Amino acid sequence: MQVKPILNEGLKRSFTVVVPAADLQGRCEARLAEVSRDVKLPGFRPGKVPASVVKQRFGESVQAEVAEKLVQESVRKLLEDEAIRPAMQPQVDVVSTGTDGKDLEFKIEMEVLPEITIPDVSGTKLTRYSAKVADEVVEKALREVAQRNRTFEAIEENRPAVKGDVLNVNFVGKKEGTPFEGGTADDVNVEIGGEGFIPGFAEQMEGMKPGDERVITVTFPENYQAAELAGKEVTFDIKANALKKPVDPTIDDEFAKGLGLESVEQMRKLITEQAEGEYKQLSRMRIKRELLDALAEKTNFDAPESMVDAEFAQIWSRIEEERKNGTLDEQDAAKDEDTLRADYRKIAERRVKLGLLLAEIGRKQEIQVSQEELLSAMQQEARRYPGQEQMVFEFFTKNPQAIESLRGPILENKVVDYLIELADVTDKEVTAEELADMPDAD
């Protein structure tokens with residue numbers, strides 16, 4: 001193998017690699033000999049097929065197979081010999097496939113990882129925010145649980161529906177006079193003045209009595225999930241069946257037992273523990289953000305352009321999806337295309353730099369992700385798909401790349417924990433609202 005460097009500029013590297021025709025030919029002949037031992041052709045005993053016949057039948061495919069393996073081996077050897085750590089998968093362009101007795105020649109282009117000087121983070125001032133779960137938060141959550149489990153009592157009085165009432169209705173949704181899919185339902189409880197699934201739907205039923213029929217007109221939101229209805233004006237034929245009033249249950253031990261718990265106190269304990277877990281996550285996010293902001297100020301290396309491109313592509317696909325659905329942040333929506341792209345390009349570059357820095361710190365400190373941690377992450381991912389846990393595990397088992405997608409975040413968090421231990425951390429108790437008020441990244 002003959003290697004000739006042709007570009008060494010910044011993080012970009014390029015080489016021409018030539019494998020002599022004699023080496024390629026020798027590999028091909030050895031592979032054809034292997035094929036001839038195993039091949040079965042009509043009219044020949046196994047292992048007795050003439051070499052000329054094997055070459056005629058399989059020579060071209062063997063040549064391609066051997067050339068592909070030689071390219072892979074050559075790339076791997078080049079990276080080892082030159083001690084190169086590529087930022088992304090090297091790009092290989094074949095110049096000559098080595099047919100007709102010619103050399104196998106190809107070009108390798110790549111970006112390498114930058115030399116990273118790990119900054120001194122010892123003594124970096126960070127704040128670990130925390131908040132206690134207030135009694136009113138627990139009581140509000142209890143009321144919300146009770147509201148979700150409320151019952152409905154019939155209103156015997158023959159009167160029109162007013163705000164706060166619940167009207168049981170049948171409805172048929174029509175677009176341009178034709179019923180549309182998913183727009184028909186019977187015995188649906190609609191709270192007058194409450195949130196309908198379309199703005200204006202519940203409001204227009206106010207004043208109806210049981211037995212009344214009414215046609216209402218509403219417009220679906222621009223970001224409605226069904227594209228064929230998004231932004232469209234439709235009508236609903238409404239028939240009122242019964243008038244009811246919502247009754248919230250009494251929050252007592254009997255109510256708790258109806259939910260499978262022992263008592264109201266157990267409910268309060270579970271709600272408190274859940275809120276504490278959420279507060280801890282927020283606290284973790286806050287101190288991690290502070291740490292990453294501090295690290296970002298200390299990074300002094302260039303990010304590989306190919307990695308920034310890949311990160312930006314992921315971010316931009318999300319931005320375009322949000323723009324399509326009408327859910328783009330107001331500040332972003334007010335920006336022109338060039339400004340928006342430039343802003344998110346900076347974010348992509350920051351993410352890549354911080355990712356590389358954290359990975360390098362993990363490598364230098366020999367921070368590893370254990371099999372137990374990976375298994376725990378897989379179990380956590382599987383719990384997101386009740387009833388399909390086994391399928392999720394099989395997916396990870398058969399897809400090593402999927403497992404690697406779990407390894408990265410685990411390693412990053414372990415490196416973050418290591419760095420927080422080195423920092424000068426001040427604990428500060430704040431309100432839940434202050435804790436949730438996450439500042440923008442620097």
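These numbers were taken from a predicted model, which means no experiment stands behind them. Residues: numbered from 1 along the sequence shown.
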Walk me through it: do D165 and R159 pass the test salt bridge (Lys or Arg N to Asp or Glu O under 4.0 Å)? CA-CA 11 Å; D165 288 341; R159 63 170 177 79; 2.7 Å; yes

For a side-chain contact (heavy atoms from CB on, under 4.5 Å) check, start with the C-alpha distance between W316 and E320, then their side-chain angles and the critical distance, and finish with the verdict. CA-CA 6 Å; W316 194 251; E320 289 185 323; 3.2 Å; yes

Set out, in order, the CA-CA distance, both residues' side-chain angles and the distance that settles salt bridge (Lys or Arg N to Asp or Glu O under 4.0 Å) for K245 and E157, then state yes or no. CA-CA 11 Å; K245 62 179 179 180; E157 181 184 356; over 6 Å; no

Show, in sequence, the C-alpha distance, side-chain angles and deciding distance for F393 and L375, and conclude whether the side-chain contact (heavy atoms from CB on, under 4.5 Å) test is met. CA-CA 9 Å; F393 271 102; L375 179 60; 3.9 Å; yes

Chi angles and distances behind the side-chain contact (heavy atoms from CB on, under 4.5 Å) call for M267, D253: CA-CA 9 Å; M267 286 184 67; D253 288 348; over 6 Å; no

K107 vs E109, test: salt bridge (Lys or Arg N to Asp or Glu O under 4.0 Å). Steps then yes/no. CA-CA 7 Å; K107 182 180 178 182; E109 293 181 338; 3.1 Å; yes

side-chain contact (heavy atoms from CB on, under 4.5 Å), that's the test. Do I192 and M208 meet it? Break it down for me. CA-CA 10 Å; I192 306 302; M208 293 184 72; over 6 Å; no

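Look at R286 and D437 and you find no salt bridge, because none of the NZ, NE, NH1 or NH2 atoms lies under 4.0 Å from a carboxylate O. A salt bridge links R341 with E337; the closest basic N to acidic carboxylate O contact falls under 4.0 Å. The pair R31-E65 meets the salt-bridge criterion, since a charged nitrogen lies less than 4.0 angstrom from a carboxylate oxygen. A salt bridge is absent between R76 and E73: the closest approach of a Lys/Arg side-chain nitrogen to an acidic carboxylate oxygen does not fall below 4.0 angstrom. Ionic pairing of K288 and E412 is present here: one or more N-O contacts between side-chain nitrogen and carboxylate oxygen are shorter than 4.0 angstrom. Between E111 and K12 no salt bridge is recorded (no basic side-chain N to carboxylate O distance below 4.0 Å). Salt bridge annotation for R345-E349: absent, with no cationic side-chain nitrogen under 4.0 angstrom from a carboxylate oxygen. At a threshold of 4.0 Å, the pair K414-E373 counts as salt-bridged, since one of the basic side-chain nitrogens sits closer than that to a carboxylate oxygen. Salt bridge E228/K175: absent, no basic N to carboxylate O contact under 4.0 Å. We find that D293 and R350 are joined by a salt bridge, their nearest charged nitrogen and carboxylate oxygen being less than 4.0 Å apart. Here E176 does not pair with K174 in a salt bridge; the nearest charged N to carboxylate O distance is not below 4.0 Å.
Summarising the geometry, atom NZ belonging to K298 is positioned 13.0 Å from atom OG1 belonging to T117; distances are rounded to the nearest 0.5 Å. Annotation: the span from T97 atom OG1 to E60 atom CD amounts to 9.5 Å, rounded to 0.5 Å. Of the inter-residue distances, the one linking R407 atom CZ with L374 atom CG reads 4.5 Å to the nearest 0.5 angstrom. How far CZ of R85 is from CZ of R363: 4.0 Å, rounded to the nearest 0.5 Å. The structure places NZ of K239 at 6.0 Å from CD of E213, a figure rounded to the nearest 0.5 Å. Remark: L340 CG to K335 NZ distance equals 6.0 Å, nearest 0.5 Å.
Considering only heavy atoms from C-beta on, E105 stays 4.5 Å or farther from V17 through its side chain. I251 places a side-chain heavy atom less than 4.5 Å from the side chain of V264. In this structure, the side chains of P246 and E191 stay at 4.5 Å or more apart for every pair of heavy atoms. Counting only heavy atoms from C-beta outward, the side chains of V234 and F220 approach each other to under 4.5 Å. Here the side chains of L126 and T426 are not in contact, with every heavy-atom distance at 4.5 Å or above.
Of all non-hydrogen atoms in P90 and V75, the two that sit nearest each other are CG-CG1, 4.4 Å. When all heavy atoms are compared, the tightest approach of T124 to A294 is CG2-CB, 3.8 Å. Contact between I198 and P221 at its shortest, heavy atoms only, is CG2-CD, 4.4 Å.
If you run side-chain contact (heavy atoms from CB on, under 4.5 Å) between V121 and each of I361, D424, L419, I420, only L419 comes through. The side-chain contact (heavy atoms from CB on, under 4.5 Å) with L358 is formed by just one residue from the set L291, L411, L295; it is L295. Of the residues N189, N168, D212, the one that meets the side chain to side chain donor-acceptor pair (under 3.5 Å) test with N241 is N168.
Side chains of E394 and T397: no donor on one and acceptor on the other come within 3.5 Å. For the residue pair D120/S122, the side-chain donor-acceptor check at 3.5 Å is satisfied.
Using cut-offs of 30° and 60° for the angle between ring planes, the F201 and F171 rings count as perpendicular.
Counting heavy-atom neighbours within 6.0 Å of E206 CD, excluding the residue itself, gives a total above 12. For D336, the CG atom sits in a packed shell: over 12 heavy atoms of surrounding residues, nucleotides or ligands are nearer than 6.0 Å.
Taking the six-membered ring for Trp and the full ring otherwise, F312 and Y344 have centroids separated by 6.0 Å or more.
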